[in-house]
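Owing to the predicted nature of the structure, the values given are computational and were not obtained by experimental measurement.
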Amino acid sequence: MVLLACFAAAWLLLCARLFLLQIVDYEKYQQNVIDSIQRTSEVSAERGQIYDRNMTVLATNVTVWRVFISPVDIEDDTQARFIARGLSEILNVDYDTILTRARKENRADETVKRNVEKEEADQVRAFIAENELSQQIHLQATAKRYYPYDSLASSVLGFTGTDGGSYGVELTYDSLLQGIPGRYITAKNGLGMDMPFKYESYIEAQNGYNVVTTLDMNIQYLLEKQLDACLADSNAAGGVSGIVMDVNTGGILGMSTKPDYNLNAPGQLSELLLQRLAEYEVGSEEYNAKYNELMFSTWNNKNVSWLYEPGSTFKIITASIALEENTSKLSDTFTCTGKAFVPGYSQPIHCHKTTGHGTQNFARALQQSCNPALIAINERNGRELFWEYFNAFGYTGKTGVDMPGEASGLYVGVEQLNAVEMAVYSFGQTFKVTPLQQLTAIAAVANGGKLVTPHILEKVTDEKNNVIESYETKVRRQVLSEATCTTMTNILEEGVSGDGGAKNAYVLGYKVAAKTGTSQVRDILDENGQSYLHVGSCVAFAPADDPQVAVLILCDQPMNSNIYGSIVAAPYVSDLLEEVLPYIGIERSYTAEEEARMQVNVWDYSGFTVESAILNCRNQGLKYEVVGNGTKVVSQVPRGGSQVLMSTGKVIFYTDGSAELEGTIPSVVGLNATQANARLTNAGFNIKVEGAQNYESGAGAKVVEQLPAGGEKAAKGSVVTVRFMHVDGTD
């Protein structure tokens, strides 16, 4: 009986143990078995592509390989050393690092190198074949991110790291772009040998979705071209930035900051930024710290993550509030003596025109960017009303743009809006916004009063171009009436085409509404605790009679003599719109005055009869001169394709091989249009105008640059390119 009881107890214990193993812990031990007989290799999903709105590829993938070894299949330490030596030489990877990984006996997958290009991958395949190492060394095809345009739109697109998107669109839409990896599962028997094919399984990878952005790479290129010129001319210590936006949808057509970086090599600084490291010893702690600081600064999108004082561009908002709420009328007048006194502040607040603007009406006060007038206008608005619109225009929150790192503005609450704050807020000082925040508010004035959410996404598609998701325009609120917007637009346009502070934003044949601004950088002070650096900017939208695009160009800390937005930003806005507007299909419409300032392309008349050449010149409104007694044109000055001013343009035809007439080009730098034109034409040269095409407006633009320079010799009739700029404007 005792023996029977013992056997019964043992039987019960055995049953309990079997129940625990086979029922309770079944899944655990089943997984252990699977892990012992199976090897799983991940099959990478291909990352989705990024396009601009015209389906131009902005980010794509190229095939590269991951080289990995299977230590469990390496026979002995001698073979491990052989493999480590061979792969080290081919892949330029440290020998000891590979050997350490090769000695991990229980591992089946140890990465040696990622992103191996085809040439190296082929050498690895040859090494495997020559030494029969197919069980020990493996290559896995994968994809590497590639950006066809290198640095173009770098601050918007961002780049990828080992864990996916790191910045920009790549980060915002990482979950859509990255896809779902697949798996390749192979079975091994008890001896570690491959089992028949029927025991293998393959789970296909699901490639990522494609992201179609609102960017237009033609507009992006034109924007970056102007930003490069702005940076070179201003030597801006803080760089420059710019945005082009569709005012009706909020779609971002172009966005950039300069200096930028190469998306295909994000860890490398541009030559321009490397120059800022010249004072540091290469490899020193200070050098490396500054290098990293500059590198991270280029990765950040300044347009959404950086705060600045908008300056006089904010006067558009102050004036719009007054007109909308009828606290001021167009017929109201304001007297400026050059300064204004505000209760609670011991010092006067100065106007940029220290001698004062005198008495002026509402429109001219805005066009002349008069601080005392705007202070008076905002005083009439009152604190509660101003705050209501300050919030309605989006200054108290983020824009909601679908890009990472958007910053929130800095401002005081309505309770702290005392007389001094109301005064300086009226002209955009002592509070901070992002460039995108400012342009979004200005776009509301352009589009009839609607505050729209700016965005970079247009739609999401799959591999077969089926639309998965589309972005719909989001109107957050109606801020202004259409009537107020129309009035404001007319005022701003007259400030460009007439004698306003934004004259340098003028574009021949188009109506442009614009406002310039200059603000202080209060984060950096001199030894006396005073701010001495500035930010110059210009906002614009066009065409004024049917606004389609809004533009902001901003110059942070210009280090040359000119600091005003009318000088360091407005001319580049003009040059940008000069090319963007015809590109988007907006036709020019010239006034009679503008027709007199038009330029014309000179034909190539080589081989023409003299009579035909003369007739064509007359039809184009050009003057002409014939040298020689031949009947056909042998050569001409200026050459075919040159551009000259229609009102004074002249072509010299040579008909018998006579030597070209030569003269000395006079210097016209510093002269106004009438003086420069007369001096060049009297000397026998043609003039091509760049820059301010409204060179006769206001006090008149001056020549700030000419090419060829004064004093050089050239054939009579040659074209001298002169660049005009209004230099009397401040903000």
Side-chain angles (χ1 to χ4, degrees), residues 43-61 143 145-149 152-161 163-182 203-220 243-255 263 301 303-305 394 397-406 436-437 439-440 443 447 450-477 548-550 584:
V43 179
S44 299
E46 185 168 320
R47 192 172 179 85
Q49 300 195 94
I50 301 176
Y51 298 91
D52 81 341
R53 65 175 184 166
N54 300 314
M55 299 308 291
T56 301
V57 176
L58 308 181
T60 186
N61 310 293
R145 208 60 164 163
Y146 174 69
Y147 304 91
Y149 295 97
L152 203 64
S154 58
S155 62
V156 179
L157 296 177
F159 56 91
T160 59
D163 297 325
S166 296
Y167 284 83
V169 175
E170 293 279 25
L171 176 58
T172 301
Y173 294 105
D174 184 59
S175 59
L176 293 172
L177 290 163
Q178 66 182 353
I180 302 174
I203 301 174
E204 188 175 3
Q206 298 180 31
N207 293 335
Y209 289 127
N210 300 318
V211 169
V212 181
T213 69
T214 58
L215 290 175
D216 186 309
M217 290 314 282
N218 292 309
I219 293 176
Q220 181 72 30
I243 312 170
V244 181
M245 180 192 294
D246 184 319
V247 300
N248 297 304
T249 68
I252 296 170
L253 305 175
M255 177 184 282
L263 288 163
N301 187 343
N303 288 296
V304 300
S305 64
K398 298 180 180 180
T399 66
V401 67
D402 50 340
M403 299 198 72
E406 183 177 15
L436 182 61
Q437 201 173 26
L439 189 61
T440 301
N447 66 23
K450 298 181 290 292
L451 186 72
V452 296
T453 300
H455 61 97
I456 200 69
L457 176 71
E458 183 170 295
K459 60 185 176 181
V460 179
T461 65
D462 62 15
E463 292 180 278
K464 298 180 180 179
N465 289 325
N466 297 313
V467 177
I468 306 301
E469 177 186 348
S470 292
Y471 185 92
E472 300 295 332
T473 300
K474 297 177 182 177
V475 178
R476 297 170 63 185
R477 64 185 70 93
Q548 299 297 314
V549 294
I584 63 175

Kindly write out the residues that satisfy side chain to side chain contact (heavy atoms under 4.5 Å, CB included) with [X], not counting sequence neighbours, or none if the list is empty.
X: E463; answer: N207
X: T249; answer: D246, H455, T473
X: N210; answer: Q49, Y51, T461
X: T440; answer: M245, T399, L436, L451, P454

How close do [X] and [Y] get, counting heavy atoms only, and between which atoms?
X: V401; Y: V304; value: CG1-CG1, 4.2 Å
X: G405; Y: S305; value: O-CB, 3.2 Å
X: P148; Y: A59; value: CD-N, 4.3 Å
X: L157; Y: L152; value: CD1-O, 4.0 Å
X: L263; Y: G158; value: CD2-O, 3.1 Å
X: L171; Y: G165; value: CD1-O, 3.3 Å

Flag, side chain of N447 to backbone of A443, donor-acceptor distance under 3.5 Å
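Yes, N447 side chain to A443 backbone: donor-acceptor pair under 3.5 Å.
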Is a donor on one side and an acceptor on the other found under 3.5 Å between the side chain of E458 and the backbone of V211?
no
Answer whether the closest heavy-atom distance between the side chains of [X] and [Y] falls below 4.5 Å.
X: I219; Y: I584; value: yes
X: Q548; Y: N248; value: yes
X: V169; Y: I456; value: yes
X: M55; Y: V212; value: yes

[atom1] of [X] to [atom2] of [Y]: how many Å apart, nearest 0.5 Å?
X: I50; Y: Y147; atom1: CD1; atom2: OH; value: 6.0 Å
X: L176; Y: I468; atom1: CG; atom2: CD1; value: 9.5 Å
X: Y149; Y: S154; atom1: OH; atom2: OG; value: 15.0 Å
X: R476; Y: K450; atom1: CZ; atom2: NZ; value: 15.0 Å
X: T172; Y: E406; atom1: OG1; atom2: CD; value: 10.5 Å
X: S155; Y: M403; atom1: OG; atom2: CE; value: 6.5 Å

Just wondering, more than 12 heavy atoms not from D163 lying within 6.0 Å of its CG?
no
Can you name the residues that form a side chain to side chain donor-acceptor pair (under 3.5 Å) with [X], not counting sequence neighbours?
X: S470; value: none
X: Y209; value: none
X: Y471; value: none
X: Q178; value: none

Qualifying salt bridge (charged side-chain N to carboxylate O under 4.0 Å, His left out) pairs, either residue in residues 45-61, two or more places apart
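Pairs touching residues 45-61 that pass the test: R47-E170, R47-D174, R53-D216.
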Set out, in order, the CA-CA distance, both residues' side-chain angles and the distance that settles side-chain contact (heavy atoms from CB on, under 4.5 Å) for L58 and T213, then state yes or no.
CA-CA 9 Å; L58 308 181; T213 69; 4.1 Å; yes
Going through the distances and angles, do T214 and L457 end up as a side-chain contact (heavy atoms from CB on, under 4.5 Å)?
CA-CA 6 Å; T214 58; L457 176 71; over 6 Å; no
Those residues at least two apart in sequence (or on a different chain) that pass ring-ring contact (aromatic ring centres under 6.0 Å, His included) with Y167 are F159, W299
Between V156 and L215, does the side-chain contact (heavy atoms from CB on, under 4.5 Å) criterion hold? Intermediate values first, please.
CA-CA 9 Å; V156 179; L215 290 175; 3.9 Å; yes
